[in-house]
Amino acid sequence: MTYSTPLRSAVCIAALFVGGTAQADVTAAQVWDHWKTQMGLYGEDGISIGSEEVDGDTLTVSDLKATIDDGDIKVEASMGDLVFTEQGDGTVSVTMAESYPVILTNPDGGVITLDVTQSGMSMIVSGDPDAMNYEVSADSYGIAFRDMVDGDVTVTGDAELVANDFSGQYTASGEDLRDLSYDLKIASLDILVDFEIPGAAGEYVTGSGKLENMAMQADMTIPADLDFENPDDAFSKGMSMKGGYTIDSAAYVFDFNADGDQASGSASNGATVLDFNIDISEIAYSVEASDMSINLTASEMPFPVEIGLAKYGVAVEAPVGKTEEPEDFGMKIDLVDLTVNDMIWDLFDAGQVLPRDPATFQFDVSGKAKALFDLMDPDQASEIAQSDMPFELESLSLNDLRLAVAGALVTGSGEFTFDNSDLETFDGMPRPEGEAVVEVNGLNALLDNLVAMGLVPEDQIMGGRMMMGMFARSVGDDQLESKLEVNGEGHVLVNGQRMR
């Protein structure tokens with residue numbers, strides 16, 4: 001598999017700002033030795049040091065500079081002086097500069113300069129050379145934009161990300177496979193953007209945001225010989241990542257005027273949870289947010305747009321490593337109580353014929369399948385490309401289907417197993433066995449409303465109703481049900497009638 005340059009850069013930058021500042025031991029010299037080992041991830045030429053001086057229980061490293069260059073972007077951090085002080089109780093404190101610059105250069109010579117600031121920073125290290133623990137806290141930790149120079153154009157303005165009341169711990173252990181973990185909490189995260197566009201009088205981009213009570217945690221294993229410039233084989237070498245974050249709430253506002261277009265608005269959401277797990281055998285990801293809202297006004301739009309969503313969620317999991325036994329997989333989507341303002345409704349329903357109840361779409365499937373290849377192993381890429389199906393499906397369940405819109409409701413569920421020894425009955429597909437049921441309420445009323453609105457001709461509605469009569473049966477007032485069955489002989493039945 002091939003990973004994008006943004007991913008490689010993100011991993012390198014994260015290692016620079018977090019990994020490099022989170023290694024320690026019980027003596028100052030051991031702490032610094034371990035830092036140098038960890039910084040070896042940046043390459044042989046990735047680190048430069050002015051001098052190292054020992055004075056009693058204190059080791060001072062001057063003019064530390066870290067450089068990462070993957071050919072697409074070069075990152076240089078001039079971190080200044082570091083002071084490692086033994087506390088006399090088996091721990092070591094680490095003191096860094098309150099601010100230092102980070103310079104990003106692209107192959108065309110464009111340069112962006114950032115400033116890293118840390119106020120009230122405290123790092124206390126405990127443990128031993130094989131398993132080190134950092135206790136970290138700070139009044140604030142921020143990254144701010146200083147300027148961007150591209151040829152004869154210089155862009156200045158305000159852009160910063162500041163974590164307030166930051167605390168937590170970070171641990172590191174291992175040699176060939178480095179186990180890293182962190183558990184961090186941030187009382188609030190402030191975001192600010194304020195730029196005037198060079199050479200364009202009166203044009204600007206502004207915005208701000210605030211995230212409340214953010215907690216982050218992760219456990220990672222990183223191969224010591226990982227090549228950040230070519231990380232395609234990272235997971236086959238043992239790399240794994242598991243973690244996530246939670247947020248109590250977030251709110252954003254923005255306003256921009258550029259190229260003759262003007263727009264402003266706001267967005268917010270309530271509690272948010274994200275989890276991920278990725279390694280050589282499995283990929284899993286889930287995100288869920290509540291009380292989302294977007295408000296937008298723009299010069300190109302005839303009216304304001306207001307969108308609300310009570311719940312948003314997406315979850316996927318799948319086996320990606322070859323196994324002898326089937327493993328769990330699944331996908332889930334939740335869009336609950338979607339609302340839009342009346343001006344949007346009026347675009348296609350000026351007469352207010354349709355019920356304007358909140359809309360919902362929920363879809364949840366799961367099952368078991370075997371991965372026939374190690375999908376994360378680049379050495380197997382050619383075999384995977386030549387395979388018709390990299391998975392062997394054993395079972396599939398429709399746990400939930402729910403679509404509610406304009407007064408109509410569709411629900412469904414079902415469960416099937418698959419016989420992979422029979423690839424003839426269904427033309428190369430493993431033979432399924434099981435049943436699924438779909439129920440529709442209020443469909444006829446919706447169709448009548450569409451005719452009354454003039455959106456669908458009456459003759460087309462009649463044809464559609466005749467088709468529904470072939471595949472669905474009435475089970476109540478404007479209630480339809482369709483039952484699909486596949487039996488052990490490969491027969492397909494719809495509402496008891498054999499179709500195959």
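Just so you know, residue 1 is the first one in the sequence shown, and it goes up from there.
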Open item on the list: Show, in sequence, the C-alpha distance, side-chain angles and deciding distance for Ser366 and Ser397, and conclude whether the side-chain hydrogen bond (donor to acceptor under 3.5 Å, both in side chains) test is met.
Closed with: CA-CA 5 Å; Ser366 63; Ser397 298; 4.8 Å; no
Can you check whether [Y]'s main-chain N or O pairs, donor with acceptor, with [X]'s side chain at less than 3.5 Å?
X	Y	value
Ser290	Ala271	yes
Asn106	Gly109	yes
Asp478	Ala445	yes
Asp279	Met241	no
Asp190	Ala163	no
Asp259	Asp261	no
Asp364	Leu398	no
Thr105	Val111	no
Thr360	Asp337	yes
Asp108	Gly110	no

Taking side chain as C-beta onward, heavy atoms only, is [X] less than 4.5 Å from [Y]?
X	Y	answer
Arg431	Glu433	yes
Ile278	Phe235	yes
Val116	Tyr141	yes
Leu375	Ile384	yes
Leu184	Tyr245	no
Leu372	Phe391	no
Leu189	Lys210	no
Val494	Lys483	no

Open item on the list: Could you check whether Asp346 pairs with Arg356 (Lys NZ or Arg NE/NH1/NH2 to Asp/Glu carboxylate O, under 4.0 Å)?
Closed with: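 A salt bridge is present here (some side-chain N lies under 4.0 Å from a carboxylate O).
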Closest approach of [X] and [Y], non-hydrogen atoms and distance?
X	Y	answer
Pro304	Asn341	O-ND2, 2.9 Å
Ser482	Asn495	CA-OD1, 3.4 Å
His491	Asn487	N-OD1, 2.8 Å
Ala298	Ala263	CB-CB, 3.8 Å

Task: Verdict with supporting geometry, Asp422 and Thr425, side-chain hydrogen bond (donor to acceptor under 3.5 Å, both in side chains) - done: CA-CA 7 Å; Asp422 181 0; Thr425 303; 2.6 Å; yes
- [ ] Give me the ring orientation class for Phe416 and Phe418: parallel if the planes are under 30° apart, tilted from 30 to 60°, perpendicular past 60°.
- [x]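 Phe416 vs Phe418 ring planes: tilted.
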Open item on the list: Below 30° counts as parallel, above 60° as perpendicular, anything between as tilted: where do the rings of Phe348 and Trp345 land?
Closed with: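 Rings of Phe348 and Trp345: tilted, as their planes differ by 30° to 60°.
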What do you reckon, is [atom1] of [X] surrounded by more than 12 foreign heavy atoms closer than 6.0 Å?
X	atom1	result
Met429	CE	yes
Arg402	CZ	no
Met453	CE	yes
Lys370	NZ	yes

Open item on the list: The criterion is side-chain hydrogen bond (donor to acceptor under 3.5 Å, both in side chains); which residues satisfy it with Ser188, sequence neighbours excluded?
Closed with: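 Result, side-chain hydrogen bond (donor to acceptor under 3.5 Å, both in side chains) vs Ser188: Asn164.
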